[in-house]
Undergrad: 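Encoded as structure tokens, here's the structure I'll be asking about.
So that the names make sense, note that chain A is the first sequence line, chain B the second, and so on, each numbered from 1.
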Amino acid sequence: MTIPFRRAALAAMACALALPALAETAPESTDPIVINGGEVELQTAAPAPEHLDGALDEIYSGWLFRDPDTQTMQTDDFENPGMIFVDQGMDEWNMVEGEAGKSCASCHEDVSESMKGVRATTPKVNKDGALWSVEDYVNDCRTSRMQAEALDWNGDRMKNLTALISMQSRGMPMDVAIDGAAQPFWEQGKEMYYTRYGQLELACSNCHEDHYGDWIRADHLSQGQTNGFPVYRLKDAGLVSQHNRFRGCIRDTRAETFPIGSDEFRALELYVASRGNGLPVEGVSVRH
Amino acid sequence: MPRHAAFTAAAALVAMASAMPLAAETAPQDVAYDDIGAIAEPLSETAGNPEEGAKIYADKGTGNCVACHAISARTDAEFQGNIGPSLDGAGDRWSVEQLRGIVADAKRTFPESMMPSMYKTAGYVRPGDAFTGKAGTEPLPPLLNAQQIEDVVAYIATLKE
């Protein structure tokens with residue numbers, strides 16, 4: 001009685017080995033995101049960076065995996081609900097605060113000049129050898145140069161500033177460094193990316209590398225790229241930082257997550273950013 | 001004499017203590033998987049109830065199998081996933097013993113499978129306290145209890161083509 005079943009199982013297993021249950025599904029189209037009637041065009045696909053060693057053939061914007069209504073919101077800056085926070089970030093930029101009596105603009109002047117390209121190359125290793133996210137640079141300027149209080153990493157004021165800074169790189173390809181001083185951080189992030197966390201024992205790679213294009217119930221899985229951050233998330237009706245997204249994805253594996261602003265998340269941020277090297281910064285994207 | 005009596009009483013207690021949970025249900029760490037990942041003996045005394053199993057299958061808070069699988073007959077489920085194979089005909093493809101093994105700990109049948117181990121309590125990386133994001137302490141409660149496993153297995157076994 002059990003023998004035929006064993007055979008069936010072995011056959012099924014052989015099948016599973018030949019055709020592993022990895023089912024990346026490429027998006028149907030890779031049209032660019034055409035914004036403001038053609039003023040800005042953002043590519044949604046790019047060749048996978050070499051360091052991925054064939055783990056992905058092409059890299060895709062998360063925009064391709066969203067429903068048409070959500071996609072449309074990102075094609076017009078007046079419709080994009082994230083843009084209002086970019087305006088608020090500009091107010092923040094010009095606001096004098098702290099003992100030194102300065103604003104960001106006092107030193108950096110025109111944000112479109114001084115912050116151009118910053119988002120595309122961050123996180124990066126600072127002059128003291130630490131890996132810093134944009135949030136770290138902002139807070140360092142606030143505490144050591146403005147003599148003002150550090151902003152909460154996940155608070156609105158910080159997200160408004162990172163949205164403003166991100167917009168200044170819109171259209172520039174992600175290009176974070178992964179070698180030299182960055183390499184140990186990158187390795188740490190890579191290790192995290194492939195670790196199966198929590199009671200559900202799921203790694204980022206299980207969902208975003210092996211199964212992008214598939215559905216987890218009602219969720220259409222993307223490659224989990226970060227070039228659209230900060231994103232305006234319809235579900236939260238507000239901006240979401242990268243670390244907050246990471247925290248949510250790890251929490252959903254029934255794991256003990258890492259804190260926002262932790263060294264672990266900086267390393268993961270670098271590694272995930274490097275998987276998107278070549279995709280354009282989207283400024284403030286819209287996701288559901 | 002009193003010593004001997006105490007000894008037999010203690011032995012009897014030990015025997016009872018280890019026999020009792022076995023009689024009711026098999027604890028996760030005591031499950032006997034065979035070399036292909038199947039479990040011969042039911043995990044609970046009460047036979048699996050396929051109707052309960054059908055509910056657990058689609059319930060987000062318990063089995064949530066529907067997150068990754070689809071069953072054509074489940075027109076009640078608004079969204080079905082496609083991470084794993086369709087379970088149509090799974091009752092033809094697998095024996096009850098094998099289904100029990102797959103549901104309890106699929107990685108013993110499909111090495112490295114993405115399917116979560118439903119009847120396992122320890123050996124995790126950064127185990128959490130459910131979906132709070134906070135640390136949990138092993139042994140964690142298994143994702144499904146023994147009776148729920150039997151119910152789900154009974155349900156999947158009905159999926160014949």
Undergrad: I need the minimum non-hydrogen distance between A:Y197 and A:A255, along with the two atoms involved.
TA: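 Smallest interatomic distance, heavy atoms only, reads CB-CB, 3.9 Å.
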Undergrad: B:Y119 and B:Y33: aromatic ring centres closer than 6.0 Å?
TA: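 Ring centroids of B:Y119 and B:Y33 are no less than 6.0 Å from each other.
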Undergrad: About how many Å separate NZ of A:K190 and CZ of A:R275, when rounded to the nearest 0.5 Å?
TA: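 That separation rounds to 9.0 Å.
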Undergrad: Can you see which heavy atom on B:K107 is nearest to which on B:S117, and at what distance?
TA: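 Reported closest heavy-atom pair: NZ-OG, 3.0 Å.
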Undergrad: Just so I understand: if I count every heavy-atom pair under 4.5 Å between each of B:C68, B:P116, B:A130 and chain A, which residue has the most?
TA: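 Going by pairs under 4.5 Å, I would pick B:A130.
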Undergrad: Is any residue of residues 216-226 of chain A within less than 4.5 Å of chain B by heavy atoms, and which ones?
TA: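 Under the 4.5 Å heavy-atom cut-off, A:I216, A:R217, A:A218, A:L221 qualify.
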Undergrad: Give the member of A:Q199, A:R196, A:R251 that has the highest number of heavy-atom pairs under 4.5 Å with chain B.
TA: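 The residue among A:Q199, A:R196, A:R251 with the greatest pair count is A:Q199.
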Undergrad: Might you point out which heavy atoms bring A:V134 and A:T162 nearest each other, and give the distance in Å?
TA: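 For A:V134 and A:T162, the tightest heavy-atom pair comes out as CG1-CG2, 4.1 Å.
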Undergrad: Is a salt bridge present between A:R287 and A:E282, judged by a nitrogen-to-oxygen distance below 4.0 Å?
TA: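 A salt bridge links A:R287 with A:E282.
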Undergrad: For B:S113, is it the side chain, the backbone, both or neither that has a heavy atom under 4.5 Å from a heavy atom of chain A?
TA: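 B:S113 touches chain A through backbone heavy atoms alone.
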Undergrad: Looking only at non-hydrogen atoms, find the nearest pair between B:T158 and B:P50 and report the distance.
TA: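 Residues B:T158 and B:P50, closest heavy atoms: CG2-CB, 4.1 Å.
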Undergrad: Below 4.5 Å from any heavy atom of chain B, which atoms of A:L202 appear? Answer side chain, backbone, both or neither.
TA: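 Just its side chain gets close to chain B.
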Undergrad: So, for B:I149 and B:M118, which heavy atoms are closest and what is the spacing to 0.1 Å?
TA: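 B:I149 and B:M118 have their closest heavy atoms at CD1-CB, 4.0 Å.
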Undergrad: Is the terminal nitrogen or CZ of A:R254 (NZ for Lys, CZ for Arg) located under 6.0 angstrom from the six-membered ring centre of B:F131 and within 45° of that ring's axis?
TA: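 The answer is yes, since A:R254 meets both limits relative to B:F131.
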Undergrad: Would you call B:E97 and B:R100 a salt bridge, using N to O less than 4.0 angstrom?
TA: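 Answer for the salt bridge query: no.
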Undergrad: Could you list which of residues 44-71 of chain A have a heavy atom closer than 4.5 Å to any heavy atom of chain B, in residue-number order?
TA: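 The stretch does not come within 4.5 Å of chain B.
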Undergrad: What residues form a side-chain hydrogen bond (donor to acceptor under 3.5 Å, both in side chains) with A:D152, not counting sequence neighbours?
TA: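 Residues passing side-chain hydrogen bond (donor to acceptor under 3.5 Å, both in side chains) with A:D152: none at all.
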Undergrad: Using a 4.5 Å heavy-atom cutoff, which residues in residues 259-272 of chain A come close to chain B?
TA: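 Under the 4.5 Å heavy-atom cut-off, nothing qualifies.
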Undergrad: Scan side-chain atoms only and decide if A:N160 and A:R157 contain a donor-acceptor pair under the 3.5 Å cut-off.
TA: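 No donor-acceptor contact under 3.5 Å links the two side chains.
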Undergrad: Quick one: what part of B:K60 sits under 4.5 Å from any heavy atom of chain A, side chain, backbone, both or neither?
TA: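 Backbone plus side chain of B:K60, per the 4.5 Å heavy-atom cut-off to chain A.
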Undergrad: Would you say A:D136 and A:W153 make side-chain contact, with heavy atoms under 4.5 Å?
TA: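 Yes, close enough: below the 4.5 Å cut-off.
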Undergrad: What is the minimum heavy-atom distance between A:M158 and A:N139, and which atoms define it?
TA: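 Taking A:M158 first and A:N139 second, the nearest heavy atoms are CE-ND2, 3.4 Å.
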Undergrad: Check whether any side-chain heavy atom of B:H69 sits under 4.5 Å from a side-chain heavy atom of B:P85, and report yes or no.
TA: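 A side-chain contact exists here, since the closest heavy-atom pair is under 4.5 Å.
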